[in-house]
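Reading through the structure tokens given below for one structure.
Values below: every heavy atom of this structure, side chains too, minus hydrogens, waters and symmetry copies. In listed order, ligands and their atoms are each counted from 1.
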Amino acid sequence: MHPMDSTLQQSFPTVMVPRFGDLAPMEGAGERLLAAEDGMFLEVSRPWLRLVRQIGKYHVKTAVPYGLVAETTYLRCGKVPVHLIGAFAEMARATMPNETGAWVVWNAVTRDFRLAPVIIRSQGRGHLDYSRPELSADEVLVLDCHSHGAHPAYFSSQDDIDDVHDVKFAFVIGNCGADVPSLALRLCAKGIFEESERVPSDWYAATKAGRGV
Ligand SMILES: [Zn+2]
């Protein structure tokens, strides 16, 4: 085998889902393809997350001697503290009418979350250009937050381009001058986008004007 293929395949292996035994979850960080009875699944593992999603079905009803695997979302980090959502809402309000951004990061050793403002290169009423915040070796991105100033919260085509390779939650806060801003939240995982129909209600409570930090 070509050494480059050997390296590629080790970095992103395909695993046959057992029919009679259990599939052992990935231990470290990485990705695998899972060949199951009913199609192909992507497994993504990060210090803070384990995710399994179906990414393809077979076109032909042929017998595939593999087992089934369930779509899974397991947050190893637990819930994002809602006071950090409130803190970002305050940042977004203070930056009105311009856009701003910050990351909620999680330390896999101490298990603490913190809000890390992004390093802004340029910002305006309809754009934000930034570099990633400096993180310690144990910190990982969990929630990528940005604001839309006076505009409503939604995921733009530019957001889709920005988010396509990442594994994270993405959060937008819009109508930042309103007492109750608009919110949008989605899971991004290697091209999979799953927008939440309902942002958690305590996030709405935390982002209301006058809540303080
Ligand atoms: Zn946006």
Residue Glu99, metal the Zn ion (ligand 1), N/O/S under 2.8 Å: no
Take a 6.0 Å sphere around CZ of Arg132 and say whether it holds more than 12 heavy atoms from other residues, nucleotides or ligands. no
To the nearest 10°, what's the angle at the Zn ion (ligand 1) between atoms NE2 (His148) and NE2 (His146)? 100°
What's the spacing between Trp103 CH2 and Leu143 CG if we round to 0.5 Å? 11.5 Å
Closest to the Zn ion (ligand 1), which N/O/S atom of Asp159 is it? OD2
Go through the steps to decide whether Tyr130 and His146 satisfy the test ring-ring contact (aromatic ring centres under 6.0 Å, His included), and finish with yes or no. CA-CA 11 Å; Tyr130 64 89; His146 74 278; 8.1 Å; no
Enclosure of Arg125 CZ (heavy-atom neighbours >12, cutoff 6.0 Å): no
